[in-house]
Amino acid sequence: MPKYFVPIVLLLTLFLAAAELRSAEVVPVAPANYDEAKVQEYTLPDPLTMQDGRKVTTAEQWMKERRPELLKLFEEHVYGKATLFRKGNKTFKTRFEYLNSKPVYDGKGIQHQFQIVWYQGNEPDENAHRVDVLVYTPKLAVGKKVPAFVSLNFQGNHTTDADPDIRMPVRIWNRSKVVYSPAKEEERGAQANRWPMQFLLERGYACVTAYYCDIEPDVNGGYLHGVRKFLYKEGEKQALDEANTIATWAWGLGEMLDGVEHFQDKLGIDPTKTVVVGHSRLGKTSLWAGAIDQRFAIVISNDSGCGGAALSRRNYGETVHRINVSFPHWFCDNFKKYNLDVNSLPVDQHQLIALAAPRPVYVASATEDRWADPKGEFLSAYNAGSVYKLFGTSGFGGVTEPPQPDLSVGGIIGYHNRTGGHGILEPDWKHYCDFADKHLK
Ligand code: GCU
């Protein structure tokens, strides 16, 4: 062997490893584009063309063939498979424990609280994982059941309403380090502008909410501190196509719905009339929850942006590269393969909207929320229309252009662009109630 062979091979290996690293991680994320003229050309994958090229022409073919195919593609490449949560694989059990109730808002409604308990063994022990669920139901004639919004909150149930009896989370999780601090009394009602409980009660809707970090903390490496502690051991690496936090929260929304089904008589909620709704990262979550769990009768995304309602192929505001670098724990690891080549993604987000079909689906943006790309969110809603046509429904109701701000447009696919910044406010909820009135009552 020539005497330079070994050092040359070593150098070459080092060089290749460095190049690999550069291409995979170290390429700096391009600054966000906010210039419509600089949006690159793209071709969207057709919701109605199967991977093998066949055209989908009937509702039946959509439900039996294309929907499962798309769901699988989204699992493998974007959100991850929740295989370990499925019956047969699940290594833990679920139980629901009812806690308490009392009248609220001068008797206009009832507040209930129950717990989802995840545990191993025969009975919940100190390793059990508990999630508090807060429910507000309008006061009704005995025996009647109402529709409900089911939605995760960002900062704890006690921040959604100032009521002193709402249970506070045991841990409020930090979003940059795997650490937590206790909840504080002064936080009560701090997010009440996002949760107009009295308004919802007056409109005849129940509201079911839980703190998303109670399901699993929203921090890279936090998965061993939420329900996935039952699935993995410390240091164990999950597969590239396995569920990450968004898919875990989405699965958690389904558990909340199970709880509603379980206590439906006590809560006075009709579990066949639930609306899954979420804001921002939790809007990405509600869209995915609506896709994987068809019990949700209506699916709503509020300002969900990249990885939610916004088209991935449009380089406007947040991009796939940016989101995967900033939040490596949200999507499955396969999604990172598209950081530098989003056009090779086998799906785009209009197909996620279409996974709600034939159920009503609603997308909302805010005029100043450019990071979430309002136009890209509108275009997703628009491009999902072809699937709804298979079912003979109104689809996007003939809408072709983004509407003026604050106007709710569409048909069984609805859309509005609220004046103002990133947030979920009473005007958004008003549109959601109107939309649900139209489709559920
Ligand atoms: C960040 C993130 C968005 C996300 C938002 C939120 O801005 O980049 O993707 O939607 O946080 O959840 O508030």
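What's counted below: heavy atoms across the whole structure, side chains too, no hydrogens, waters or symmetry copies. Not measured: the values here are computed from a predicted model.
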- Verify salt bridge (charged side-chain N to carboxylate O under 4.0 Å, His left out) between Lys144 and Asp270, making sure each step is shown before the conclusion. CA-CA 9 Å; Lys144 247 192 113 201; Asp270 180 347; over 6 Å; no

- Query: Is the count of non-hydrogen atoms from other residues, nucleotides or ligands lying under 6.0 Å from Asp106 atom CG greater than 12?
  - Reply: no

- Message: In terms of relative ring orientation, are Phe85 and Phe92 parallel, tilted or perpendicular, with 30° and 60° separating the classes?
- Response: perpendicular

- Between Phe154 and Arg194, is there a cation-pi geometry (under 6.0 Å to ring centre, at most 45° from the normal)? yes

- Starting from the C-alpha separation in whole Å, work towards a yes-or-no answer on side-chain contact (heavy atoms from CB on, under 4.5 Å) for Ile424 and Tyr432. CA-CA 11 Å; Ile424 181 165; Tyr432 302 151; 4.1 Å; yes

- Query: Is any NZ, NE, NH1 or NH2 atom of the basic residue among Lys438 and Asp434 found under 4.0 Å from an Asp or Glu carboxylate oxygen of the other?
  - Reply: no

- When rounded to the nearest 0.5 angstrom, what distance separates CG in Asp373 from CD in Glu318? 10.5 Å

- Message: Taking atom NZ as the centre, does Lys64 end up with more than 12 heavy-atom neighbours from other residues, nucleotides or ligands that are less than 6.0 angstrom away?
- Response: no

- Task: Among Tyr205, Phe199, Phe149, find the one that has a ring pair (Phe, Tyr, Trp, His ring centres under 6.0 Å) with Trp429.
- Result: Phe149

- Message: So Lys229 and Gln120, do their side chains get closer than 4.5 Å, heavy atoms only?
- Response: no

- Item | Spacing of NZ belonging to Lys233 relative to CG belonging to Leu224, to within rounding of 0.5 Å | 11.0 Å

- Message: Return the CG to CZ distance between Asp348 and Arg313, rounded to the nearest 0.5 Å.
- Response: 4.5 Å

- Is it true that the side chains of Ser365 and Tyr415 contain a donor and an acceptor less than 3.5 Å apart? yes

- Query: Do Tyr105 and Asp161 meet the criterion of a side-chain donor-acceptor pair at a distance under 3.5 Å?
  - Reply: yes

- Message: Between Leu355 and Leu71, is there a side-chain heavy-atom distance shorter than 4.5 Å?
- Response: yes

- Message: Is the ring pair Phe331/Phe335 parallel, tilted or perpendicular, if the boundaries are 30 and 60 degrees?
- Response: tilted

- Might you point out which heavy atoms bring Ala32 and Trp371 nearest each other, and give the distance in Å? CB-CZ3, 3.9 Å

- Message: Looking at Asp369 and Arg418, is there a salt bridge between them, counting it only when a charged N and a carboxylate O are closer than 4.0 Å?
- Response: no

- Task: Pick out which of Asn157, Asn153, Thr160 makes a side chain to side chain donor-acceptor pair (under 3.5 Å) with Thr209.
- Result: Asn153

- Query: What are the two closest heavy atoms between Arg228 and Thr245, and how far apart are they?
  - Reply: NH2-N, 3.7 Å

- Query: Could you state the interatomic distance from CD (Glu65) to CE (Met50), rounded to the nearest 0.5 Å?
  - Reply: 5.0 Å

- Item | Pair His279-Asn302, side-chain donor/acceptor within less than 3.5 Å | yes

- How about Glu236: does its CD atom have over 12 heavy atoms from other parts shown lying under 6.0 Å from it? yes

- SB check Asp258 Arg295 (cutoff 4.0 Å): yes

- Message: Can you confirm whether Phe396 sits close enough to Phe378 that some side-chain heavy atom of one is under 4.5 Å from a side-chain heavy atom of the other?
- Response: yes

- Task: Check whether more than 12 heavy atoms from other residues, nucleotides or ligands sit under 6.0 Å from atom CG of Asn100, and answer yes or no.
- Result: yes

- Among Val150, Ile298, Val299, Val208, find the residue that satisfies the side-chain contact (heavy atoms from CB on, under 4.5 Å) test when tested with Val275. Ile298

- Message: Assess the residue pair His431 and Phe435 against the criterion (ring pair (Phe, Tyr, Trp, His ring centres under 6.0 Å)); give the C-alpha distance rounded to whole Å, side-chain angles, the decisive distance to 0.1 Å, and a yes or no.
- Response: CA-CA 6 Å; His431 287 309; Phe435 188 71; over 10 Å; no

- Is any side-chain heavy atom of Tyr42 closer than 4.5 Å to a side-chain heavy atom of Asn315? no

- Query: Mind checking whether His225 and Trp173 have parallel, tilted or perpendicular rings, split at 30° and 60°?
  - Reply: tilted

- Note on the structure: Looking only at heavy atoms, the pair that brings Ser304 and Leu287 closest together is OG-CD1, 4.0 Å

- For the student: nearest non-hydrogen atoms of Pro45 and His350, plus distance: O-NE2, 2.8 Å

- Item | Side-chain heavy atoms of Gln61 within contact of Lys55, under 4.5 Å | no

- Query: What residues form a salt bridge (Lys or Arg N to Asp or Glu O under 4.0 Å) with Asp165, not counting sequence neighbours?
  - Reply: Lys102

- Value rounded to 0.5 Å, distance of CG in Asn383 from CG in Leu44: 5.0 Å

- Ion pair present between Lys72 and Glu75, side-chain N to carboxylate O less than 4.0 angstrom? no

- Looking only at heavy atoms, which two atoms of Leu201 and Thr137 are closest? And how far apart? CD2-C, 3.5 Å

- No-hydrogen, no-angle side-chain donor-acceptor test under 3.5 Å, Tyr362 and His416: yes

- Query: Which is it for Glu185 and Met168 under the side-chain contact (heavy atoms from CB on, under 4.5 Å) test, yes or no, and what are the steps along the way?
  - Reply: CA-CA 8 Å; Glu185 279 298 326; Met168 300 207 288; 3.6 Å; yes

- Query: Do you know the tightest heavy-atom contact between Thr272 and Ala297?
  - Reply: O-CB, 3.6 Å

- Quick one: does Glu97's side chain have a donor or acceptor within less than 3.5 Å of a partner on Val117's backbone? no

- With sequence neighbours excluded, what pairs up with Arg370 under the salt bridge (Lys or Arg N to Asp or Glu O under 4.0 Å) test? none

- Going from CZ on Arg171 to SG on Cys213, what distance comes out if it is rounded to the nearest 0.5 angstrom? 12.0 Å

- Does the pair Arg130/Asp214 count as a salt bridge with the N-to-O cut at 4.0 Å? no

- Query: Any sub-3.5 Å donor-acceptor pair from Glu377's side-chain atoms to Gly305's backbone N or O?
  - Reply: yes

- Message: So, applying ring pair (Phe, Tyr, Trp, His ring centres under 6.0 Å) with His262, which one of Phe96, Phe114, Tyr98 is it?
- Response: Phe96

- Aromatic ring pairing Tyr212/Trp249, orientation class (parallel under 30°, perpendicular over 60°, tilted between): tilted

- Indicate yes or no for a side-chain donor-acceptor contact from Arg359 to the backbone of Ala356 under 3.5 Å, with no hydrogens or angles considered. yes

- Should the heavy atoms of other residues, nucleotides or ligands under 6.0 Å from OH of Tyr382 be counted, would the total exceed 12? no

- Task: Output, in order, the C-alpha distance, side-chain angles, deciding distance and verdict of side-chain hydrogen bond (donor to acceptor under 3.5 Å, both in side chains) for Trp330 and Asp218.
- Result: CA-CA 8 Å; Trp330 281 0; Asp218 182 7; 2.9 Å; yes

- Task: Given side-chain contact (heavy atoms from CB on, under 4.5 Å), test Gln198 with Glu202 step by step and report yes or no.
- Result: CA-CA 6 Å; Gln198 187 170 353; Glu202 284 166 358; 3.3 Å; yes

- Take Ile353 and Val363 through the side-chain contact (heavy atoms from CB on, under 4.5 Å) test and state the conclusion after the steps. CA-CA 9 Å; Ile353 308 292; Val363 174; 3.8 Å; yes

- Item | Flag for Asn339-Asn324: side-chain donor and acceptor within less than 3.5 Å | yes

